[in-house]
*Asks:* 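I have a structure here, written as structure tokens, and I will follow up with some questions on it.
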Amino acid sequence: MTAINAVTDFAVEGDVGVVTIDSPPVNALSAEVRDGLAAGVAAAVADPAVTAIVLICAGRTFIAGADISEFGKPPRGMPLAEVQEVIEASPKPVVAAIHGTALGGGLEVALVAHYRVAVGSAKFGLPEVKLGLLPGAGGTQRLPRLVGAKMALDMVTTGKHIGAPAALAAGLIDAIVADLRAGAIAFARDLVATAKPLRKVRDLPVTGVEPGMFDAYRAANARAFRGFDAPEANIKCIEAAATLPFDEGMAVERRLFMGLMTGLQSKAQRYVFFAERLANKIDGLDPNAPLLPVASVGIIGAGTMGGGIAMNFLNAGVPVTIIEMKAEALDRGVATIRRNYENTAAKGRMTAEDVAARMALLTPSLDLDSLSAADLIIEAVFENMGIKQDVFGKLDRIAKPGAILASNTSYLDVDEIATATSRSESVLGLHFFSPANVMRLLEVVRGAKTAPQVLATAMATAKKIGKVAVVAGVCDGFIGNRMLSRRQEQAMALIVEGALPADVDRVLFDFGFPMGPFQMSDLAGLDIGWSAETSKGATIRDRLCEAGLRGQKNGHGFYDYDAQRNRTPSPVAEKIILDYAAEKGVNRRPIDDAEILERCLYPMVNEGAKILAEGVAQRASDIDIVWLNGYGWPVYRGGPMFWADSVGLATVADRLTHYGIEPAPLLTKLAAEGKGFTGAV
Ligand code: 3H9
């Protein structure tokens with residue numbers, strides 16, 4: 001075996017040259033990997049003993065893509081296109097041997113090999129669209145030549161991975177082997193023995209092209225692609241592959257790739273990729289410290305929240321005991337969980353056995369004592385300090401020593417809840433977002449006394465159940481809801497001063513949110529936390545509820561809803577708003593879209609600055625991850641803090657002052673220094 005460079009080895013096995021890349025963690029195409037690949041293949045070509053070449057990777061995966069951390073930096077090493085040229089032009093057949101994930105530039109390297117073999121567990125994808133990009137190393141031109149135009153469209157616009165069996169059926173790979181190295185070498189030898197041609201994907205025709213297919217695809221996916229630049233650029237590339245000679249298609253791909261690469265959307269999406277991974281890291285905590293076991297979970301409350309939380313654990317194979325006070329509520333909760341699973345099964349996304357296996361992990365109980373053996377207990381009862389403290393006091397007596405005691409509170413003081421126990425070190429908040437089995441975000445609320453091991457275990461557990469977890473400190477509403485409150489205040493003020501709910505919602509929808517604040521209120525229910533007995537008609541919300549408007553659930557809220565949930569502005573709500581404004585002596589005025597946007601979003605950024613300065617969030621990017629995963633902030637705008645950086649903090653501070661809101665000290669300071677929150681723009 002010869003070392004080609006620090007990450008590449010070359011060995012000759014009989015008559016087959018094996019080039020091995022070993023660049024942890026994911027063999028991304030760094031300058032060293034690119035140089036090593038080219039030099040390794042060149043060495044194999046030059047070696048007279050070698051008749052065929054295998055490209056293989058050590059570690060957990062084949063090449064997982066370009067090295068994203070190199071993007072935007074001065075170029076080093078051999079350009080990928082030249083490396084690919086060396087491989088494709090090899091006079092000896094090159095076989096890519098794939099395990100783990102062949103993604104992005106990694107798959108594009110495999111596509112210039114003459115043949116591809118993989119183990120059965122390997123996965124393939126061109127996920128560049130998720131980074132606001134397109135496969136810029138010939139992926140859009142070569143993939144449709146193997147799998148056809150339709151499947152290529154799906155793969156590049158969604159970024160989804162496909163498994164080895166599907167890849168084999170589609171022609172993306174040529175064989176599935178049990179032992180990767182031995183199987184690939186045998187495959188390569190067989191190519192030579194049977195004198196198979198050097199098969200260059202670029203020379204194949206694109207199959208499956210149908211008239212009108214590209215426009216039909218655009219129309220069918222318009223909703224999913226709304227606001228994003230990259231899906232359209234990806235479609236244009238596949239269209240070019242279908243209609244132009246290979247080299248011209250490559251030129252289109254290169255041009256569109258550069259356009260995306262230099263744009264703000266891709267910058268935002270690449271930032272999000274790393275931000276998501278960073279959120280899992282806790283400052284000052286040893287990532288290798290041992291964790292507590294979480295082999296069984298108790299959940300108190302079988303309502304919408306408790307049931308949704310339970311499903312996360314059942315899905316991950318963790319047994320759950322779920323508690324209610326009354327048999328009727330318990331039965332209802334369990335029936336809802338079952339119905340949710342059965343609906344999923346009816347859509348073909350789960351088998352009847354999967355449903356049965358999950359339900360078998362669920363133990364309903366009316367007795368809090370049955371949580372005595374649980375490793376993690378999550379309380380999801382009514383949002384009231386007295387009730388929560390009562391539950392935690394009981395848990396203190398029941399739970400085994402070392403059990404983690406978590407509250408799903410969305411606003412309350414976790415430290416105050418913890419005082420009901422004699423073990424504050426075991427208490428923390430786990431704030432799930434509704435519907436808890438669907439939403440990816442989990443705010444992990446660190447109390448003043450929460451033990452580091454408890455916190456680290458909560459973060460690891462979140463990852464296990466597929467959540468994106470962000471650590472938050474104790475404060476009213478933590479990171480997400482605390483910022484949301486600022487937006488709500490402004491949205492309500494705007495409709496008093498002259499805008500209508502539909503104006504505010506439209507502006508935020510156009511910005512990229514899935515819905516605006518008034519649609520969101522209607523969806524959640526206007527009467528959450530409202531009661532007829534105590535209502536004083538002091539707010540617009542009180543008055544809407546007093547008039548019987550409850551939101552989507554009774555068909556009337558800020559909007560009226562028909563049976564298909566289509567909405568039209570409610571004249572009743574509008575009259576209530578106008579009367580309220582008149583009563584307060586407000587002279588309503590026209591409010592333009594720019595003001596709506598600035599007043600809804602800049603105060604949130606301002607609150608984010610306070611959250612950061614107080615240490616409630618560890619870093620600005622964590623705040624962005626909360627808003628991206630919990631509240632539908634458009635990913636191509638990177639989150640509120642990244643977005644504020646892209647607008648310029650001096651502008652944000654000026655406009656806040658203009659609207660009579662005092663900029664937070666951190667915002668003022670960074671603006672004066674010409675800096676941003678994230679350092680990423
Ligand atoms: C591309 O290829 C463009 C070309 O078309 C055009 C070129 C001209 N680069 O996710 P994990 C790091 S665009 C740099 O926790 P997992 C990651 O930050 C690229 N670093 O592991 C993390 O670091 P740390 C297209 C990368 O097992 C560590 O590796 N490719 C890259 O859950 C482990 O990552 C993609 O978009 C990278 N490409 O999942 C694939 N990838 O430990 C992106 C990972 O310091 N990657 N890192 O936090 C993935 O989807 C997942 O990482 C993967 C492994 C499935 C591979």
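No hydrogens, no waters, no symmetry mates; every other heavy atom, side chains included, goes into these values. When a ligand or atom number is given, it counts from 1 through the structure's own listing order.
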*Asks:* Return a yes/no value for Gly136: is any of its N or O atoms, backbone included, closer than 3.5 angstrom to an N or O of ligand 1?
*Replies:* yes
*Asks:* Show the atom names and distances, to 0.1 Å, of all donor-acceptor pairs under 3.5 Å that link a side chain in residues 455-470 to residues at least two apart or in another chain.
*Replies:*
unit_1	atom_1	unit_2	atom_2	d
Thr457	OG1	Leu292	N	3.0
Thr457	OG1	Gln453	O	2.6
Thr461	OG1	Thr457	O	2.6
Lys467	NZ	Asn312	OD1	3.1
Lys467	NZ	Ala436	O	2.8
Lys467	NZ	Met439	O	2.6

*Asks:* Give the atom numbers and elements of ligand 1 that come within less than 4.0 Å of a heavy atom of Phe274.
*Replies:* 18 (O)
*Asks:* Applying side chain to side chain contact (heavy atoms under 4.5 Å, CB included) to Leu172 and Leu111, what does each step give before you reach the verdict?
*Replies:* CA-CA 8 Å; Leu172 180 55; Leu111 285 169; 3.8 Å; yes
*Asks:* Counting from 1, what ligand 1 atoms have a heavy atom of Pro135 closer than 4.0 Å?
*Replies:* 5 (O)
*Asks:* Are Arg76 and Glu70 ion-paired here, with the side-chain N under 4.0 Å from a carboxylate O?
*Replies:* yes
*Asks:* Mind checking whether Phe677 and Trp643 have ring centres under 6.0 Å apart?
*Replies:* no
*Asks:* Using a 4.0 Å cut-off to any heavy atom of Pro25, which atoms of ligand 1 qualify?
*Replies:* 28 (C), 29 (O)
*Asks:* How does Arg60 reach ligand 1, if at all, at less than 4.0 Å between non-hydrogen atoms: by side chain, backbone, both, or neither?
*Replies:* side chain
*Asks:* Could you tell me the residue and atom name of the protein heavy atom closest to atom 26 (C) of ligand 1, and the distance to it rounded to 0.1 Å?
*Replies:* Val26 CG2, 4.0 Å
*Asks:* Quick one: nearest non-hydrogen protein atom to atom 50 (O) of ligand 1, plus distance?
*Replies:* Leu103 CD1, 3.9 Å
*Asks:* Show your working on side chain to side chain contact (heavy atoms under 4.5 Å, CB included) between Ile68 and Phe71 and close with a plain yes or no.
*Replies:* CA-CA 5 Å; Ile68 309 168; Phe71 290 0; 4.1 Å; yes
*Asks:* Considering distance alone, does some N or O of Phe71 sit under 3.5 Å from an N or O of ligand 1?
*Replies:* no
*Asks:* Check each heavy atom of Leu131 against ligand 1 and say whether those closer than 4.0 Å belong to the side chain, the backbone, both or neither.
*Replies:* side chain
*Asks:* Any chance the side chains of Tyr217 and Asp154 put a donor and an acceptor closer than 3.5 Å?
*Replies:* yes
*Asks:* Please work out whether the ring planes of Phe513 and Trp633 are parallel, tilted or perpendicular, with thresholds of 30° and 60°.
*Replies:* perpendicular
*Asks:* Run Leu628 and Ile625 through side chain to side chain contact (heavy atoms under 4.5 Å, CB included) and show every step you take.
*Replies:* CA-CA 5 Å; Leu628 290 161; Ile625 292 302; 4.2 Å; yes
*Asks:* Output the list of atoms in ligand 1 that are nearer than 4.0 Å to some heavy atom of Ala64, sorted by atom number.
*Replies:* 30 (N), 35 (C), 40 (C), 56 (C)
*Asks:* Does ligand 1 have a heavy atom under 4.0 Å from the side chain of Ile68, from its backbone, from both, or from neither?
*Replies:* both
*Asks:* Any nitrogen or oxygen of Gly105, side chain or backbone, less than 3.5 Å from one on ligand 1?
*Replies:* yes
*Asks:* Indicate whether any N or O donor in one side chain lies under 3.5 Å from an N or O acceptor in the other, for Asp354 and Thr351.
*Replies:* yes
*Asks:* Under 4.0 angstrom from ligand 1, any heavy atom of Thr61?
*Replies:* no
*Asks:* With heavy atoms of Gly104 as the reference, note each atom of ligand 1 found under 4.0 Å away.
*Replies:* 2 (O), 25 (C)
*Asks:* Answer yes if a protein heavy atom lies under 4.0 Å from atom 43 (C) of ligand 1, otherwise answer no.
*Replies:* yes
*Asks:* Counting heavy atoms only, which part of Ala66 comes closer than 4.0 Å to ligand 1: side chain, backbone, both or neither?
*Replies:* both
*Asks:* Atoms of ligand 1 less than 4.0 Å from Asp67 heavy atoms?
*Replies:* 9 (N), 14 (C)
*Asks:* Quick check on contacts: which atoms of ligand 1 are under 4.0 angstrom from a heavy atom of Gly65?
*Replies:* 2 (O), 30 (N)
*Asks:* Any nitrogen or oxygen of Arg277, side chain or backbone, less than 3.5 Å from one on ligand 1?
*Replies:* yes
*Asks:* Looking only at distance, does Lys281 have an N or O less than 3.5 Å from an N or O of ligand 1?
*Replies:* yes
*Asks:* Does Arg277 make a cation-pi contact with Phe273 (under 6.0 Å, within 45 degrees of the axis)?
*Replies:* yes
*Asks:* Can an N or O of Thr101 be found at a distance shorter than 3.5 Å from an N or O of ligand 1?
*Replies:* no
*Asks:* Would Thr61 and Thr101 count as having a side-chain donor-acceptor pair, cut-off 3.5 Å?
*Replies:* yes
*Asks:* Under the 6.0 Å and 45° cation-pi test, does Arg637 pair with Phe511?
*Replies:* yes
*Asks:* Is atom 32 (O) of ligand 1 less than 4.0 angstrom from at least one protein heavy atom?
*Replies:* no
*Asks:* For Lys123, which part has a heavy atom under 4.0 Å from ligand 1: side chain, backbone, both, or neither?
*Replies:* neither
*Asks:* Give the C-alpha distance, both sets of side-chain angles, the deciding distance and a yes or no for side chain to side chain contact (heavy atoms under 4.5 Å, CB included) between Glu232 and Arg218.
*Replies:* CA-CA 8 Å; Glu232 174 58 24; Arg218 287 182 174 98; 2.8 Å; yes
*Asks:* Examine Tyr631 together with Phe433 and report whether their ring centres are nearer than 6.0 Å.
*Replies:* yes
*Asks:* Heavy-atom contacts with Glu128 under 4.0 Å: which atoms of ligand 1 show up? List them by number with element.
*Replies:* 1 (C), 2 (O), 3 (C), 4 (C), 5 (O), 13 (S)
